[in-house]
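What follows is one structure encoded as structure tokens, with my remarks underneath.
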2 protein chains.
Amino acid sequence: MQLAEAKAQFIANWGRFGTNWGINRTMAQIHALLLVSPDNLSADEVMDQLNISRGNANMNLRELIDWGLVQKVIIPGERKEFFTAEKDIWKVARQIVKERKKRELDLMIPVLKDLSEVEGDRRDKAVKTFTDTIQNIRKFSEQADKTLDTMIKADENWFWSSVMKLFGSKH
Amino acid sequence: MQLAEAKAQFIANWGRFGTNWGINRTMAQIHALLLVSPDNLSADEVMDQLNISRGNANMNLRELIDWGLVQKVIIPGERKEFFTAEKDIWKVARQIVKERKKRELDLMIPVLKDLSEVEGDRRDKAVKTFTDTIQNIRKFSEQADKTLDTMIKADENWFWSSVMKLFGSKH
DNA sequence: CTGAACTTTCAAAAAATAATGAAAGATAGG
DNA sequence: CCTATCTTTCATTATTTTTTGAAAGTTCAG
């Protein structure tokens, strides 16, 4: 396979899987393009290579910057802004975990706390099932919260080697 | 807060977060409803409680069954089918991981293998960046593949206690 | 200042996704 | 068999999400 085709395939696939992750297709495609581009790209280059409009490129680049996956690069003496993506996938994964935790788990935990304070007689089966389930989800969420914080702080080698040790002890 | 309101809030929130996970709102709401219902529900009860059409209820229940999150329950002597959801969240999480791995990672890994075989001179910066990035993603994916398999097989106590031990050794 | 070069915004259009409900398909009891 | 009861399908409709592109905004060199 030639580079151009491989690149197109990579972008298409990254875009396809992105949609399963609460990220829109174009955003994931821009990310993929930047991941495999040796040089920083301008908005125009992104527009050209992906055949998207200026507005679309601008919005999704901003969103990628919000997610901490892409940075603006200002080159002295150039009017244009350039964009670059972190290429170390471990760092990318950690950044995604960090953001999703902030946007999802951290919002869910207080909601669960509220819900666990439902009034009612626990001898009522409906009340019991509700509180038990919420309680179960809370425990899980708080466990996950700690685990993800550790992963966010971890460096790659320490993390994987610890995880692998974990496996070794079981299998 | 009264049970009815708490239930409505839980369903609304579970539905909202579901959409970040490649699951549609209604599917997540049905799941939430079943999670907090002490009894198995018929399609009609799901329709009534969530105000959705018969076709919608049917489709999303099927999808939940495909995901292994809901089961059909046949009660002898009853014409209707009933539905029930696994209430242990650890099992639910494991099932979701299992399905998503099958639908995403297992499909991505062979694509990455293909892409890593791109032709071209590695002294060409574009080729080098591409192959390096793909290689980096492959390594990561294969590591994740093993880790997830272990999690899928693990039982809750073993898993969390191992993970907590992991933390203990670092902090 | 001025205006060329670039970025951002946002209302409108297009595309993608989800929901409806009526009709067709099962199934089981009589 | 028939028929009442329940489930499934799917063309149509509704909703949501994404994209476009022109206009407004910004910035900076001269």
Side-chain angles (χ1 to χ4, degrees), chain A residues 11-34 39-67 70-84 103-104, chain B residues 11-34 39-67 69-84 103:
Chain A
I11 290 168
N13 275 285
W14 205 250
R16 186 155 68 85
F17 287 107
T19 58
N20 295 135
W21 285 85
I23 283 171
N24 84 47
R25 193 183 321 283
T26 302
M27 190 173 150
Q29 286 178 346
I30 295 175
H31 186 225
L33 175 63
L34 291 173
D39 303 311
N40 303 340
L41 300 182
S42 66
D44 286 279
E45 287 168 312
V46 171
M47 286 165 58
D48 286 353
Q49 295 212 38
L50 300 178
N51 264 290
I52 59 175
S53 72
R54 183 170 300 286
N56 199 4
N58 185 275
M59 273 187 26
N60 282 294
L61 280 164
R62 169 147 35 93
E63 190 82 13
L64 283 163
I65 291 171
D66 274 0
W67 274 80
V70 163
Q71 277 105 254
K72 244 183 220 183
V73 177
I74 306 293
I75 297 180
E78 286 255 32
R79 278 301 266 288
K80 275 185 187 150
E81 299 174 335
F82 291 83
F83 299 91
T84 189
R103 292 160 193 235
E104 295 168 36
Chain B
I11 290 168
N13 276 285
W14 205 249
R16 186 154 67 85
F17 287 108
T19 58
N20 295 136
W21 285 87
I23 282 171
N24 84 47
R25 192 183 323 282
T26 302
M27 190 172 149
Q29 286 179 345
I30 295 176
H31 187 224
L33 174 63
L34 291 172
D39 305 309
N40 301 340
L41 300 182
S42 66
D44 286 278
E45 288 169 311
V46 171
M47 285 166 58
D48 286 353
Q49 298 211 37
L50 299 179
N51 263 290
I52 59 175
S53 71
R54 183 171 300 286
N56 198 6
N58 185 276
M59 272 186 28
N60 283 294
L61 280 164
R62 171 147 32 95
E63 190 83 13
L64 282 163
I65 291 171
D66 274 0
W67 273 80
L69 298 174
V70 163
Q71 276 104 255
K72 244 183 221 184
V73 177
I74 305 294
I75 297 181
E78 287 254 32
R79 280 300 270 286
K80 275 185 184 152
E81 298 175 336
F82 291 83
F83 299 91
T84 190
R103 292 160 194 233

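Numbers restart at 1 for each chain; the letters A, B, ... are given by sequence-line order, proteins then strands.
For Ile74(A) and dT26(D), the CD1 to P distance is 16 Å, given to the nearest whole Å. The CD1 atom of Ile65(A) sits 8 Å away from the P atom of dT8(C) (whole-angstrom rounding). dT19(D) atom P lies 13 Å from atom CG of Leu61(A), rounded to whole Å. Taking atom CG on Leu50(B) and atom C1' on dA19(C), their separation rounds to 13 Å, with Å as the unit. Put simply, CE on Met59(A) is 13 Å from P on dT17(D), counting in whole angstrom units. Regarding Ile52(B), its CD1 atom lies at a distance of 16 Å from the P atom of dT15(D), rounded to whole Å. When the C1' atom of dT7(C) is taken as reference, atom NZ of Lys80(A) falls 12 Å away, rounded to whole Å. The CE-P distance, from Met47(A) to dA22(D), rounds to 12 Å in whole Å.
Listed for the Asn60(A) side chain is a donor-acceptor partner under 3.5 Å among the backbone atoms of Asn56(A).
Of the side-chain N and O atoms in Thr26(A), none sit less than 4.0 angstrom from OP1 or OP2 of dT18(D). OP1 or OP2 of dT7(D) has not a single side-chain nitrogen or oxygen of Arg79(B) nearer than 4.0 Å. At least one side-chain nitrogen or oxygen of Lys72(A) sits closer than 4.0 Å to the OP1 or OP2 atom of dT8(C). Checking the phosphate oxygens (OP1, OP2) of dT7(D), no side-chain nitrogen or oxygen of Asn58(B) falls inside 4.0 Å.
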**OP:** Decide yes or no on side chain to side chain contact (heavy atoms under 4.5 Å, CB included) for Asp48(A) and Leu41(A), but give the supporting numbers first.
**Re:** CA-CA 11 Å; Asp48(A) 286 353; Leu41(A) 300 182; over 6 Å; no
Subject >> Trp67(A)/His31(A) under side chain to side chain contact (heavy atoms under 4.5 Å, CB included): CA gap, chis, key distance, verdict >> reply: CA-CA 11 Å; Trp67(A) 274 80; His31(A) 186 225; over 6 Å; no
Subject >> Residue pair Phe83(A), Ile65(A): steps toward the side chain to side chain contact (heavy atoms under 4.5 Å, CB included) verdict >> reply: CA-CA 9 Å; Phe83(A) 299 91; Ile65(A) 291 171; 4.0 Å; yes
Original post:
How far apart are the C-alpha atoms of Val46(A) and Thr26(A), what are their side-chain angles, what is the distance that settles it, and do they pass the side chain to side chain contact (heavy atoms under 4.5 Å, CB included) test?
Top reply: CA-CA 11 Å; Val46(A) 171; Thr26(A) 302; over 6 Å; no
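Within 4.0 Å of Asn24(B), counting heavy atoms only, lie sugar-phosphate atoms of the nucleic acid but no base atom. In this structure, Ser42(B) reaches neither bases nor backbone, as no heavy-atom distance under 4.0 Å exists between it and the strands shown. At a threshold of 4.0 angstrom between heavy atoms, the contacts of Arg54(A) include nucleobase atoms, whether or not backbone atoms are also involved.
In this structure, Asn56(B) and Asp44(B) both approach DNA chain D, and ranking their closest nucleotides by distance from the 5' end singles out Asp44(B). Comparing Arg62(A) and Arg25(A) by the nucleotide of DNA chain C whose heavy atom lies nearest to each, the residue mapping closer to the 5' end is Arg62(A).
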